[in-house]
Each structure stands twice: as structure tokens, then as C-alpha cells.
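Everything below concerns the one structure shown next.
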Amino acid sequence: MSQAKVDKYKEEKANRQKIMRREKLKARLAGGIVAVCCAGIIAYIGFSIYDFAGSSKTISHITVDTSAVDDYQAEVY
């Protein structure tokens with residue numbers, strides 16, 4: 001191995017704890033950000049469903065013209 005590679009290896013070995021700590025911190029931050037985003041999306045969807053269900057108005061009467069269906073049934077039977 002060349003002297004440059006040996007020096008680089010020694011430097012990485014000396015700073016290995018710092019590097020690993022930094023990588024773990026980055027991984028935890030990324031996981032935390034993903035968790036917060038997912039929780040926000042789930043909360044938004046839940047609130048939207050709750051708001052939509054709570055704001056719907058009650059329909060008192062619905063009229064349906066079934067004369068075409070009645071005529072068809074009369075022809076078939």
C-alpha cells in the first residue's frame with residue numbers, strides 16, 4: 001500500500017467514532033422527519049374525513065321515478 005493510503009486509513013480509523021456517530025445522527029434525523037411527515041399526512045386525512053362527515057347535510061326526501069323499471073318488469077313477466 002502506498003503511504004497516502006496508509007495515512008488515509010489511519011485518519012479514518014482515528015475518526016471512526018465521530019464518523020459513525022454522525023451517520024447514526026443523520027439516520028435518526030431522516031427517520032424522524034419521515035415519521036413526522038407520515039403523522040401529518042395521516043392527521044390531515046383523518047381531519048378531512050371527519051370534517052366531510054360532520055358537514056354533510058341530512059336529506060329529508062328523495063324522489064325517484066321508477067315508472068321505467070315498472071314498465072320493464074310488466075313486459076318481462
Side-chain angles (χ1 to χ4, degrees):
M1 289 174 51
S2 68
Q3 189 62 38
K5 287 183 181 180
V6 172
D7 292 340
K8 183 179 177 184
Y9 176 76
K10 286 182 180 180
E11 184 179 330
E12 286 179 4
K13 187 174 179 183
N15 294 328
R16 190 171 290 156
Q17 288 181 342
K18 287 182 183 179
I19 293 169
M20 292 187 69
R21 190 177 323 131
R22 192 176 306 136
E23 288 177 0
K24 285 181 182 180
L25 179 62
K26 286 180 182 179
R28 287 180 184 160
L29 283 174
I33 290 171
V34 168
V36 168
C37 288
C38 288
I41 291 170
I42 290 171
Y44 176 74
I45 291 171
F47 178 74
S48 296
I49 291 170
Y50 175 77
D51 189 40
F52 180 75
S55 68
S56 64
K57 297 179 181 178
T58 306
I59 300 172
S60 58
H61 286 87
I62 298 175
T63 57
V64 179
D65 183 22
T66 60
S67 61
V69 176
D70 294 336
D71 293 341
Y72 175 73
Q73 285 181 343
E75 289 177 13
V76 172
Y77 296 116

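For the single chain, residues carry numbers from 1 onward in sequence order.
- Put simply, Ile33 and Leu25 are part of two different groups of oily side chains (I, L, V, M, F, W, Y) that touch within less than 4.5 Å, one to the next.
- Using a 4.5 Å heavy-atom cutoff, the side chains of Arg16 and Lys13 are in contact.
- None of Glu11, Lys5, Glu12 except one satisfies the side chain to side chain contact (heavy atoms under 4.5 Å, CB included) rule with Lys8; the exception is Glu12.
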